[in-house]
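Remarks on the structure that follows.
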Amino acid sequence: MNMRSLRGALVWHVQAIKAGFTLPTSTTNLLIHVYSKHNLLHESQKLFDEMPERNVFSWNAMISAHIKTQNLKQARELFDSAPHRDLVTYNSMLSGYASADGYEADALNLFREMQNECEGMKADEVTVTRMLNLCAKLLNVGYGRQLHAFMVKTSADVTGFTVSSLIDMYSKCACFEDAYRVFNRSYEVVDLVTKSSMVAACFRAGETEMALKIFWRVPELNNVVSWTTLISGYVQNGYMEEGLKLFVCMAEAGVRWNERTFASVLKACSGLRSLKRGKEVHACVLKNGLISNKFINSGIFNVYYKCENMKYAELIYLMSRVENSFSIIKLILGYSSQGNMVEARRFFDSLAEKDVVVWTALFSGYVKARQYEAVFELFSDLSKETMVSEPLILVSVLRACVLQAALNPGMEIHAYMLKMGLGMDKKLISTVVDMYSQCGNLTYAETVFRSVAERDTILYNVMISGYAHHGHEIKAIQLFEEMLRNGIKPDMVTFLEILSACHHCGLVELGEKYFNSMTVDYNILPEIDHYACMIDLYGRANQLEKAMGFMKRIPIEQDPVISGWLMSMQQRETELTWGGSHSKTEGIYSMNCA
DNA sequence: GTAGGGTTAG
């Protein structure tokens with residue numbers, strides 16, 4: 001019977017009790033260790049307390065047991081009261097401090113004590129390994145370099161352990177060159193772990209090719225960790241398809257995956273937004289009984305969330321049976337973005353702490369669902385509780401005003417905004433201008449627009465659009481020219497508005513000039529709407545040949561809708577008459593429908 | 001005869 005297994009330990013223990021036999025100290029020490037390994041702290045403690053004689057092994061085992069359960073205070077008390085301490089005692093305590101959050105300073109102090117050779121204790125390579133991990137965690141490369149120097153000076157054994165940690169430390173501290181130098185200079189001790197550390201380091205630095213090269217050195221050594229490092233490295237660098245392919249390669253190489261492998265594969269699926277592959281992996285996970293792993297569970301949740309399958313995402317969340325505000329927030333964001341406000345609201349109300357992200361999502365969801373009354377209600381609820389200073393929330397409320405053409409509430413929001421000192425927020429200002437213009441008060445829109453000292457593209461777009469939609473095409477064109485004079489770069493939206501204005505005024509030559517300037521001066525590729533605008537412009541001016549010529553220039557021919565449209569246009573070329581009141585998009589849609 | 005501390009992929 002193997003005493004290192006829990007079963008073996010229990011059998012030994014019970015037999016000894018039955019026989020009234022006192023276990024030797026070394027056996028009890030082992031039992032303490034085995035119980036602790038299986039999270040049976042209570043049993044370990046009982047054995048330790050009732051031992052007739054203890055040695056340094058007993059103390060070390062008990063200290064480790066407390067560290068394992070994250071009880072560092074208890075561990076330190078034992079450490080201080082132990083009659084004897086050796087290097088293992090120190091290293092155990094140091095290890096506990098280094099991996100726990102908030103005990104980093106204690107770790108450094110303890111290490112300093114060791115350097116002063118307190119109790120004749122001299123840091124060894126285990127100490128150094130642990131300290132390097134701490135540096136990596138704290139991103140403290142300065143201290144890491146000191147440790148590196150210390151290693152060289154004290155000629156502490158260079159082992160696979162120390163080299164791996166050194167590579168890892170440099171890499172996580174963004175010193176890729178140093179990591180690579182260490183790797184290259186430690187040929188004698190390079191093993192699979194060192195290699196994996198270096199592969200991970202390459203990926204952190206975006207050196208995908210180098211990672212692959214190193215991975216294939218001594219390929220027969222590769223195991224699940226090195227393979228998973230490779231897969232997750234590809235995924236992290238955005239190569240999702242390659243990550244999935246490598247997963248297949250790994251299986252073909254006869255290496256069995258574990259839950260970390262699945263976590264990376266799931267990340268690839270959600271990155272690709274591939275519901276099909278996600279479902280396949282989900283099935284695989286279920287078959288392997290890995291669904292209860294929290295990384296895998298959230299990975300599957302993410303697949304469905306990214307694929308906008310909120311019902312499945314919700315199901316996964318509910319089945320995990322773990323209260324998780326992170327998932328709830330995503331459910332709210334997902335449902336809101338789809339305008340499914342009943343579900344979004346259900347989760348929103350269940351959320352204990354609502355932050356600005358969730359509030360914003362709910363507001364914009366209601367806007368998307370065109371439930372402007374809910375927007376106003378929500379805003380009045382929220383502003384009773386607190387001062388709303390999040391620009392995006394106010395943007396949502398203003399958009400609700402636009403939906404409803406509600407000028408008065410819009411003005412109230414504008415006033416509120418000025419009161420809150422949010423008059424400088426660019427996005428908010430643009431929305432205010434848009435709100436005034438769309439609610440029919442162009443004068444106010446103009447006033448606000450002129451009050452802004454530093455105008456950006458979006459602000460200009462909104463004002464130009466305001467002029468254009470109120471029949472002031474010439475003003476729109478003048479403002480566009482002013483925009484160019486002020487050195488503000490127009491974008492696709494600007495050109496769409498301005499071409500539309502030209503179309504409405506029948507300004508063929510000016511429209512041509514602007515259309516050409518898009519690509520020549522601003523490097524903006526015209527989209528289908530821009531072409532449609534030009535075609536309408538020519539059509540309205542009865543320049544049918546030019547219109548046809550333009551249609552043929554549309555470069556997006558792989559689109560079946562466009563090519564179908566083109567073909568039907570060619571058939572109807574002669575019989576086509578152009579109506580007088582085409583808007584910039586009506587042209588397209590009416591022809592598509594025909 | 002019997003024992004304890006450290007490395008890589010989320």
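First the proteins, then the strands, lettered A, B, ... as listed; each starts at 1.
Residues of residues 159-177 of chain A having a heavy atom closer than 4.0 Å to DNA chain B, listed by number: T159(A), G160(A), F161(A), S164(A), S165(A), D168(A), K172(A). The stretch residues 101-112 of chain A has no heavy atom under 4.0 angstrom from DNA chain B at all. Within a heavy-atom distance below 4.0 Å of DNA chain B, the residues of residues 252-266 of chain A found are N258(A), E259(A), R260(A). The stretch residues 214-230 of chain A touches DNA chain B through V225(A), T228(A), T229(A), each having a heavy atom within less than 4.0 Å of the strand. For the contact set between residues 281-293 of chain A and DNA chain B, defined by any heavy atom under 4.0 Å, the members are N293(A).
Inter-residue side-chain proximity for V367(A) and V395(A) is flagged as unmet; no heavy-atom pair is nearer than 4.5 Å. Looking at F79(A) and L110(A), their side chains come closer than 4.5 Å, going by heavy atoms from C-beta outward.
Picking from dA3(B), dG10(B), dG4(B) the nucleotide with the shortest atom distance to the side chain of V88(A) gives dG4(B). With dG4(B), dG10(B), dG6(B) as the candidates, the nucleotide lying closest to the side chain of F295(A) is dG10(B).
Side-chain nitrogen and oxygen atoms of R54(A) include none within less than 4.0 Å of the OP1 or OP2 phosphate oxygen of dG4(B). In this model, the phosphate group of dG10(B) is approached by a side-chain N or O of S232(A) to a distance below 4.0 Å at OP1 or OP2. A sub-4.0 Å separation between OP1 or OP2 of dG4(B) and a side-chain N or O of R85(A) is absent. Phosphate contact (OP1/OP2 of dT2(B), side-chain N/O of R4(A), threshold under 4.0 Å): absent.
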Listing, residues 234-251 of chain A side-chain donor-acceptor contacts under 3.5 Å, not counting sequence neighbours, or none:
residue, atom, partner, partner atom, Å
N237(A), ND2, F203(A), O, 3.3
N237(A), ND2, G233(A), O, 2.9
E241(A), OE1, R277(A), NH2, 3.2

